[in-house]
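Input: a single structure, listed below in structure tokens.
Hydrogens, waters and symmetry mates play no part in the numbers below; they use all other heavy atoms, side chains included.
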Amino acid sequence: MATLKEKRTCGQRCEDFGRFVWNSDNGTFMGRTPEKWVYISLYYVAFYVVMTALFSLAIYVLMYTLNPYAPDYQDRLKSPGVMVWPDTYGEEVIEITYNTSNKASWMKMSNILHNFLGPYNDTKQSECNYYNCTKGKYFIQKTFSAPHHTKWACPFKQSMLGPCSGLEDPTFGYNCTMPCVVIKMNRIIDFLPSNRTNLPPYVNCTILEGHDNVAKIEYFPDNGIMDLSYFPYYGILAQPTYVNPLVAVRFSLVGERQAKIQCRVVSEKISYENFHDPYEGKVIFYLKALK
């Protein structure tokens, strides 16, 4: 019959642990002699030095081969997205709803547009951007001729939006039934909207629902054109003062004063029928003026 293992006391366990830490009979510290501890420490120091050096070399080679001005791969961004301001985006739809008799309601919309158009201030654009852009022609720049090793950007001034600039009418028409919305196309580095230089992209808005409630649609700049001189975009590092070209659209609401609207940026290389991306090339929103 096997005998039960003798139960050790707490004092005996502490004595065993102390002997493990330092064994005076064998001259070992935690199971190894001081000489072996020196050898194993040198091994791990050398191991981690080599690993750190290899990792640093890999990062250096990666950063050396990357272009800081443009991503190496952007094949997923073949066609730009389109957005609308005031940007009252809901969970699924965009609803621009305001009350003409409620100042707080329409002031909310006008404040959104004033904040959005802040970088487009005429004075600011004249000071920081290139003044001699050729309208109707791509602004191709092969060298970094602007200050601080950057490229020039053409100015887009707030006043170019005419009656929808907020300069003539600070309310942007939201105190009545002639509201303005601003259409912006997202940036894609080196993107040219057309293979030809005589066909600039332009914004075209169509009424999907409530045709009888929209009496008139006006575009600013004229014909809703986004001039070719704003293309291509070279990236935030290359063009730190670049601003997107905009198109303002003013609607004259009548009748029930509500409509479902699609605004599309029309150009040869801008698609808009991607079911999986409802904002590619177009934006759909609801516009409603309450009484």
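- Think of V50 as one node in a network of Ile, Leu, Val, Met, Phe, Trp and Tyr side chains linked at under 4.5 Å; its network also takes in L54.
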Could you go step by step and tell me if V84 and V182 meet the side-chain contact (heavy atoms from CB on, under 4.5 Å) rule?
CA-CA 6 Å; V84 62; V182 177; over 6 Å; no
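- Note on ring orientation: taking the six-membered ring where Trp is involved, the planes of F172 and H114 are perpendicular (angle over 60°, cut-offs 30° and 60°).
- The CG atom of L208 sits 5.5 Å away from atom CD1 of I284, with the distance rounded to the nearest 0.5 Å.
- Linking Ile, Leu, Val, Met, Phe, Trp and Tyr residues whenever their side-chain heavy atoms come within less than 4.5 Å leaves F220 and W85 in two separate clusters.
- Looking at heavy atoms from C-beta onward, S267 lies out of side-chain contact with L199 at the 4.5 angstrom threshold.
- One finds the OH atom of Y286 at 12.5 Å from the CD1 atom of I96 (value rounded to the nearest 0.5 Å).
- Between P193 and Y138, some side-chain heavy-atom pair lies under the 4.5 Å cut-off.
- Residue pairs that meet the salt bridge (Lys or Arg N to Asp or Glu O under 4.0 Å) test with at least one member in residues 129-144, sequence neighbours left out, do not exist here.
- No donor-acceptor distance shorter than 3.5 angstrom exists from the side chain of R264 to the backbone of T206, with no hydrogens or angles considered.
- The CG atom of L228 sits 9.0 Å away from the CG atom of L192 when rounded to the nearest 0.5 Å.
- With hydrogens and angles ignored, the 3.5 Å screen pairs a side-chain donor or acceptor of T88 with a backbone N or O of E95.
- With sequence neighbours excluded, the residues that form a side chain to side chain donor-acceptor pair (under 3.5 Å) with D122 are S159.
- Residue K291 holds its NZ atom at 11.0 Å from OG of S101, rounded to the nearest 0.5 Å.
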Show me the donor-acceptor pairs within less than 3.5 Å that the side chains of residues 245-254 make with the rest of the protein, sequence neighbours left out.
residue, atom, partner, partner atom, Å
R250, NE, E218, OE1, 3.0
R250, NH2, E218, OE1, 3.1
R250, NH2, E218, OE2, 3.4

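- At distances below 3.5 Å, at least one donor-acceptor pair connects side-chain atoms of R257 with backbone N or O atoms of L290.
- Cluster membership for I188 and V203, using ILVMFWY side-chain heavy atoms within less than 4.5 angstrom, is shared.
- M51 and V45 fall into different hydrophobic clusters, where Ile, Leu, Val, Met, Phe, Trp and Tyr side chains are chained together by heavy-atom contacts under 4.5 Å.
- Evaluation of the side-chain hydrogen bond (donor to acceptor under 3.5 Å, both in side chains) test over residues 39-52, restricted to residues two or more places apart or in two chains, returns E35-Y39.
- There is a path of hydrophobic side-chain contacts, each under 4.5 Å, that joins V181 to M107.
- Listed by chain and residue number, nothing satisfies the side chain to side chain donor-acceptor pair (under 3.5 Å) test with K260 (two or more places apart in sequence, or in another chain).
- Contacts of S194 classified as side chain to side chain donor-acceptor pair (under 3.5 Å), with partners at least two apart in sequence or in another chain: E268.
- The distance from atom CE of M185 to atom CE of M83, rounded to the nearest 0.5 Å, is 13.5 Å.
- For residues 167-177, the side-chain hydrogen bond (donor to acceptor under 3.5 Å, both in side chains) pairs, not counting sequence neighbours, are D169-T171, T171-N175.
- Under the 4.5 Å side-chain criterion, counting only non-hydrogen atoms from C-beta, V214 is in contact with I217.
- Residues L161 and P221 form a side-chain contact, since some pair of their non-hydrogen atoms from C-beta on lies under 4.5 Å apart.
- Note: S165 OG to Y120 OH = 13.5 Å, rounded to the nearest 0.5 Å.
- More than 12 heavy atoms of other shown residues, nucleotides or ligands fall within 6.0 angstrom of atom NZ in K269.
- Taking the six-membered ring wherever Trp is involved, the centroid distance between the rings of Y98 and W106 does not fall below 6.0 Å.
- Applying the ring-ring contact (aromatic ring centres under 6.0 Å, His included) rule to H211 yields no partners; only residues at least two apart in sequence or on another chain are considered.
- Under a 3.5 Å cut-off, the side chain of T97 and the backbone N or O of K288 do not form any donor-acceptor pair.
- Among residue pairs with one or both ends in residues 244-291, those qualifying as disulfide (SG to SG under 2.5 Å) are C205-C263; sequence neighbours excluded.
- Side-chain contact between N244 and N186: absent, with no pair of heavy atoms (C-beta onward) separated by less than 4.5 Å.
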Please set out all donor-acceptor pairs under 3.5 angstrom arising from side-chain atoms of residues 148-156, sequence neighbours excluded.
residue, atom, partner, partner atom, Å
T150, OG1, P147, O, 2.6
K151, NZ, Q141, O, 2.9
W152, NE1, S145, OG, 3.3

Does the pair L117 and Q158 meet the rule for a side-chain contact (heavy atoms from CB on, under 4.5 Å), with working shown?
CA-CA 7 Å; L117 293 175; Q158 185 175 351; 4.1 Å; yes
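- A distance-only check finds no donor-acceptor pair linking the side chain of N223 to the backbone of I225 [under 3.5 Å].
- Remark: side-chain polar atoms of Q239 are paired, donor with acceptor, to backbone N or O of Y234 under 3.5 angstrom.
- For N102, the side chain to side chain donor-acceptor pair (under 3.5 Å) test picks out no residue, with sequence neighbours left out.
- Remark: aromatic rings of Y230 and F139 are distant, center separation not under 6.0 Å.
- Remark: side-chain polar atoms of N213 are not paired, donor with acceptor, to backbone N or O of G255 under 3.5 angstrom.
- Within the 4.5 Å cutoff, side-chain heavy atoms of Q125 are placed close to those of V243.
- By the 4.5 Å heavy-atom criterion applied to side chains, V49 and F47 are not counted as neighbours.
- Following chains of ILVMFWY side-chain contacts shorter than 4.5 Å, one can reach F231 starting from I140, so the two form part of one hydrophobic cluster.
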